[in-house]
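Encoded as structure tokens, the structure appears first; notes follow it.
The chain is numbered in sequence order, starting from 1. Ligands are counted one by one from 1 in listed order, and the atoms in each one are counted from 1 as well.
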Amino acid sequence: PYVNTKDILEKANKEYYAVAAFNINNLEFLQAIVEGGIEKKSPLIIETSEGAMKYAGMGDPLRGASLFVKMVREFADSLDIPIALHLDHGKNFNHIISAIKAGYSSVMIDASDKPLEENIKATKDIVRIAHAVGVSVEAELGKLAGIEDNVVSAESVLVNPDEAKYFVEETQVDFLAPAIGTSHGAFKFKGEAKLDYDRLKKVKELTNMPLVLHGASSVVQEMVEIAENYGADFGGSKGVPSDILKETVRLGINKVNTDTDLRMAFIAGLREFLHNNSKEFDPRKYMKTAKEYVKKVVSDRLELLGSANKA
Ligand SMILES: O=C(COP(=O)(O)O)N(O)CCCCO
Ligand code: NA
Ligand SMILES: [Zn+2]
């Protein structure tokens, strides 16, 4: 069934596991993610950026949002696993309202680059509207390092746990993304991977609510190697190691945003297939390996996060 993200995350919060939130831009990634969810009997959070809405809607974000709602609902309504659709990194008021109008389960209002009081104001505005129509809301405190939606924030600003408690009380947001040292993309750490477990523990104790980890891709080495075998150059790529990811779940992370790992899996499969099949031009065939690799990465992640058999 098509459900509200909050329902998925409240259960995960109670039972201390996490649910992956996988980004999509097209049909093929959605198919691969859903297949992984079916195989693992796991709830799924499908998420799209504002850019994905514009991409699918050929420039029109409302049309794109509506298309994604229809695609996801079609799968969700026909399956036993709970599936939610979430707007990731909502920054533009009109785009966030378009997602709500189209029927998204939840939206993120990302005003993390603003001073605290401005972040609170922007978040309260969206919470008031979203809650009026049963849509749940995510917000972010602190800043991810690296490229965040074209905003290059050189260094990460880690969450202040006391500020987090004040923020959730003021805004009534449904789930919170505390910055604890991750960043988006495939090049997350210069040296050794390290997250601020202490801040995460404090935020959980002070808020007791579902928490979100952004920039949570692991950069699966198996996929990097396949892609590089067939011409990719992903030198220096490094993600969040599985043991560190599991520790964040143990400490209270319940939604794990994953985009880069699926992109790497898809391009690895596509490069491999195209290299070995010079005569093929049927898109249902030449994207097959790519979809299989995405499904594999999805299934492994659902298992790792503990959401398998939780549908
Ligand atoms: O936090 C994440 C996931 O980040 P990643 O998959 O790059 O680790 N997202 O919000 C997905 C979109 C960011 C661009 O990748
Ligand atoms: Na999000
Ligand atoms: Zn993110």
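Among the backbone and side-chain atoms of D88, an N/O/S atom is found under 3.0 Å from the Na ion (ligand 2). Under 3.0 Å from the Na ion (ligand 2) lies no N/O/S atom of H89, from backbone or side chain alike.
Between L85 and E47, the closest side-chain pair of non-hydrogen atoms is not below 4.5 Å.
The angle E138:OE2 - the Na ion (ligand 2) - H86:NE2 amounts to 100°, with values rounded to 10 degrees. If you put the vertex on the Zn ion (ligand 3), NE2 of H184 and ND1 of H214 sit 130° apart, to the nearest 10°.
For L144, no nitrogen or oxygen atom sits less than 3.5 Å from a nitrogen or oxygen atom of ligand 1, counting backbone and side chain alike. Inclusion of R263 in the set of residues having an N or O under 3.5 Å from an N or O of ligand 1 is not warranted. For ligand 1, the polar-atom distance check finds no N/O of L213 at less than 3.5 Å from any of the ligand's N/O atoms. For the pair D261 and ligand 1, the shortest N or O to N or O distance does not fall below 3.5 Å.
With atom 2 (C) of ligand 1 as the reference point, the heavy atom nearest to it among E140, M264, H184, K188 is part of H184.
In D88, the part holding a heavy atom less than 4.0 Å from any atom of ligand 1 is the side chain.
Close approach of ligand 1 to H89 (heavy-atom distance below 4.0 Å) involves ligand atoms 10 (O). If you number the atoms of ligand 1 from 1 as listed, the ones under 4.0 Å from a heavy atom of N23 come out as 11 (C), 12 (C).
Residues in residues 114-127 take part in these side chain to side chain donor-acceptor pair (under 3.5 Å) pairs, two or more places apart or across chains: E117-Y166, N119-T123, K121-D125.
Checked against side-chain contact (heavy atoms from CB on, under 4.5 Å), E163 has the following partners two or more places apart in sequence or in another chain: L116, L141, N160.
Centroid-to-centroid, the aromatic rings of F281 and Y286 stay 6.0 Å apart or farther.
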